[in-house]
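What follows is a set of notes on a single structure, which appears directly below.
Just follow the structure's listing: the first ligand is 1, and inside any ligand the first atom is 1. This structure is a prediction, so every number in the text was calculated from the model and none was measured. If you read the sequence from its start, that first residue is 1, and numbering goes on from there. FYI, side chains are in, hydrogens and waters are out, and symmetry mates aren't considered; it's all heavy atoms of this structure.
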Amino acid sequence: MNPKSKRIITAVVTLAMICSTASAVPGFAEDIQTDSDIIFATGFEDGEGIEKFSGRGENEVLTVTDEVVYSGSSAMCVSERVKSWNGPQLRLDDICEPGTEYMVSACVKSQWYSQINLSMQYTDSEGTTHYSNVKTISGDQWAVFKDVKVSFTSDMTDVYVYFEASDANTKMYVDDFELKAAPSIPIEQNIPSLSSVYSDYFKIGTAITPSNMSSKPFMDLVKKHFSSSITLGNEMKPDSMLNKAASLSYLDETGDDTNPQVTLSAAKSVLDYCRDNNISVRGHCLVWHSQTPDWFFKENYSDDGEWVSKEKMTQRMENYIKNVFELVEKEYPTVDFYAWDVVNEAWTDDGKPRTAGSNNTRSGNSAWVQIYGDNSFIEYAFKFARMYAPKNCELFYNDYNEYMPQKTQAICDMAEDLKGKGYIDGIGMQAHLDVGFPTASAFEKALSKFAATGLDVQITELDITTSDKTEAGLQKQAQVYSDIMDAAVKYADNISAVVLWGVTDDLSWRADRIPLLFDSDFKAKPAFYSIVDGLEVPDVTTAESTVTQLSVTTTSATASEPAVTTTVSAAEPENTQTSVTPIRIYGDLNNDSVVELTDLTLMSLYVLGDIKLDEETLKYADVTDDTKVNLADLSHLKQYICMEKVILGPQN
Ligand code: 9MR
C-alpha cells in the first residue's frame, strides 16, 4: 500500500495517544523518578576523596591544587603523565552493583587544547582487558561531563571509569566528580510499537550492547519497539569473536596455524537475552578491515609477524567462518540468526578496493587487501559462509555511503556476480545519514538499484544526525526520517528489515548529533512520530490503557528537500557552561561545526564534478589555502580526518 495514502488514520491516532497519555496512565508524571542515589561525590576540597583515584600508568602523581579549579577552591591535579592514556581512574566494581545503570559527572581539563575521553575498562571472564571510550569532549576549557551513563555486567571484573587526554606530558585537572545511580524512568507505553506498525512491511530492529542491558527503561524500549531483530553493536565483530589465546594454544598443540579459534563470550548477555525473548539476530560481521586484530593476518598469530600468504589466509578465513557458524549453532541452537553480514565495508566511496595495510596502523586500510592484493577475498568469504551457514540464514554484503554513485555501482556489480554463483542473498545499506546529506531521493536511487538486483535489501544501521537541536532541527530530522522510511515502504517487497543503530540519542555512537528516535529520557522524538504517522497501528492496547482509533483525515507536513549546501544553524554547544556562537571552520563543508566524513564526501562529489558548492562553502573547502578546491584539498582533508597532524585552512 502506498505510504502516503496510509497517512489517513494515525497521525491523529498518535496525537490522540499522546494527548491521552497523561490521563490514560494514572500518575504518569509523578512516576518519573528524578532523585538519584549518590554513590560518591567530591569537589576535592581539602583533598577529600582523592584517595579513591589512582593513576593508570606508573608515573602519574595525584595531588590537590588550588591553582586550576572548576568550582570551590580545590581540584585534583594529575601530573607526570607521559602517555596520552595516562590519567586518573576510579574503580567501580568495588562500590557499584553489576547490572545497574550509573551516571558519572565530572569537570576535566587538560593543560593545553586536548581531546578528553571519559572511558571504561574491564576484564572479561576469559581474562582479557577491554577499553571503551564512553564520551569525548575536545577543547582547551573545562570539559563538563554531565550524567554520562556507565554500567557493567556480572561477568566483568576490575571495572574502572577513567579520564585520558590526547596530549601526553601535560597536566590534567578533575573537579566536581559525582557517581550516582541512574533514575529509572518509565517509558511511554501509549505510543505505537514500531515493530507492530511496520509488521506488514519488514522487521524493525536495533543494535544493542551488553551495557545497555543494565538500563530497564532502555530494554523496555527495545522490547516494545525493536523486538523483531537485534544486532550486537560490537560483540560479534572479528575482534570480539577471534580468540588469540585459544588460537595460540591450538597452534601449540597441533602445529596448525590455519584454524583460528573463536568465542562468543562478549556477546553472551545479549544473545542470552535474544534466546530468552525469542528475538531474531542479525549477525554482524564476519569479514571486515576494521575491528579485526592484526595477528589474525600474521605469521605465528603475532601482531608483529609477517603477513601470511593468500593461500594460508584463505584457509584461516574458511576455518574462522566455519568455527563461528558451528559455535553459534552449538551455543545458541534456538536463536534465529536470520541474516549475517558476511563482508562489511569493502568498497571505497569511489568504487575501489581499500588501500592495503593494517587498519590498526592507519584507519581505513585493509589487511584483507594487503594479503589478496584486491577485493577477491570477498568471494571466498561468501563461498565459505554459504558452505557453513544454516539454510535459512541470509548472507549479506553491508556498507555505508551506499548512495555514492561509484560505490553503488561497485556493490551492484559485485552482488550480481556473487548472486550468479549462488553465494549472496542480500545487500545491507547501513544508512548513517545526516539531515543535510544525502537527500532522501539520492538514498532511494541507490535503494532502487539494489532492489533491481533481485536480492533482498536491508537497512542495517539507520541513524540520521542533526547538529541543530532546536525544535526546528528536530522537525527537520523527523522529515528526513519520514522520507527515508517512505522510501523503504515503497520498496517493502524487496526489503526484509530496517534496523536502527541504537535506541536513545545519548548512547549512540554519534551522540553529539542526536541521531535516533528516542531522547536520553527515553521519550519518543518528533522523528519517531514522523515514521509512525500515516501507518496503521495494529494493536495499541497496553496494560495501562486502551486507545480508540479515530477515523479523521489529516495530511502530513512537508518540508523542502534539504539542499547539498545547507545553511546549518548553530550547533547547540554541549557540555559547556556558557553558550558559544559556533564559528565556521575550514573543512566543514556542510556547516555543522564538525569536520568529518560527510564533509569529505561532499568535497569528493565536488571534485568529481557531481555537485556544485556555493562561494562561502568553497572558501571553507579550500583547506590547502591556495584559492582552489581540488584533489589536493581532498587529500589534505582526508589526512586530517585520518587524525594526521595537518592544519586546515590558513596556517595562522
Ligand atoms: O557502534 C559501533 C561503535 O560502538 C564502535 O566504536 C565503532 C568502531 O568501529 O563501530 C560502530 O559500529 C559500526 C558498525 O559496526 C559498522 N558500520 C559503522 C558503525 C559505526 O561506526
Side-chain angles (χ1 to χ4, degrees), residues 115 117-122 130-136 148-151 205-213 218 222 226 229-242 266-267 270 281-294 339-349 354 358-368 396-404 407 411 427-434 458-465 497-516 594 596-598 600-601 641-643:
Q115 177 175 302
N117 291 329
L118 187 166
S119 303
M120 280 188 76
Q121 170 185 327
Y122 69 89
H130 299 265
Y131 311 90
S132 62
N133 294 344
V134 185
K135 184 150 188 140
T136 300
V148 180
K149 289 174 182 161
V150 295
S151 63
T206 192
I208 66 172
T209 64
S211 62
N212 298 145
M213 297 185 61
F218 189 102
V222 170
F226 303 104
S229 174
I230 285 206
T231 308
L232 286 98
N234 284 307
E235 295 70 22
M236 295 193 87
K237 291 175 177 173
D239 61 354
S240 290
M241 294 195 298
L242 283 165
V270 174
V281 176
R282 277 198 99 251
H284 173 79
C285 53
L286 290 170
V287 169
W288 193 18
H289 68 282
S290 177
Q291 289 184 270
T292 306
D294 284 352
W340 261 98
D341 290 329
V342 176
V343 177
N344 198 33
E345 302 177 358
W347 296 101
T348 61
D349 287 357
R354 289 180 173 274
S358 161
N359 178 70
N360 303 312
T361 308
R362 194 184 176 110
S363 178
N365 285 359
S366 168
W368 291 106
F396 275 76
Y397 175 80
N398 190 49
D399 215 326
Y400 62 88
N401 290 3
E402 325 71 4
Y403 43 81
M404 298 294 283
K407 191 169 199 166
I411 295 173
I427 300 173
M429 303 177 74
Q430 293 186 7
H432 292 298
L433 312 176
D434 179 77
Q458 294 186 349
I459 295 179
T460 54
E461 306 182 12
L462 178 62
D463 56 13
I464 305 176
T465 50
V498 173
V499 176
L500 276 291
W501 202 245
V503 178
T504 58
D505 282 336
D506 56 326
L507 299 180
S508 156
W509 70 297
R510 306 202 285 177
D512 55 334
R513 281 168 296 147
I514 56 170
L516 293 169
V594 279
E596 35 106 71
L597 268 182
T598 311
L600 192 65
T601 304
I641 288 171
C642 291
M643 313 280 276

Measure the distance from atom 21 (O) of ligand 1 to every protein heavy atom, then report the residue, atom name and distance (to 0.1 Å) of the closest one. W509 CZ3, 3.2 Å
Are R282 and T460 close enough that some pair of their side-chain heavy atoms sits under 4.5 Å apart? yes
Can you confirm whether the side chains of N359 and Q291 place a donor and an acceptor under 3.5 Å from each other? no
Atoms of ligand 1, numbered as shown, that sit under 4.0 Å from any heavy atom of E345: 16 (C), 17 (N), 18 (C)
Taking distance alone, with no angle check, do W501 and ligand 1 share an N/O pair under 3.5 Å? yes
Contact atoms of ligand 1, heavy-atom distance to Q291 under 4.0 Å: 7 (C), 8 (C), 9 (O), 10 (O)
So which heavy atom in the protein is nearest atom 2 (C) of ligand 1, and how far is it from that ligand atom? N234 OD1, 3.5 Å
Shortest heavy-atom approach to atom 12 (O) of ligand 1 - which of Q430, H284, K237: K237
Please check atom 10 (O) of ligand 1 for a protein heavy-atom neighbour under 4.0 Å. yes
Nearest 0.5 Å, what's the OG1-CG distance between T231 and D341? 7.5 Å
Less than 3.5 Å apart, any donor N or O on the side chain of H432 or E461 sitting next to an acceptor on the other? yes
Residue E461 vicinity, atoms of ligand 1 by number, heavy atom under 4.0 Å: 14 (C), 16 (C), 17 (N), 18 (C), 19 (C)
Determine the sole option in N344, I459, L462 for which the side-chain contact (heavy atoms from CB on, under 4.5 Å) test with Q430 is passed. N344
Taking the six-membered ring of Y400, is the NZ or CZ of K407 close enough (under 6.0 Å from the centre) and on axis enough (within 45°)? yes
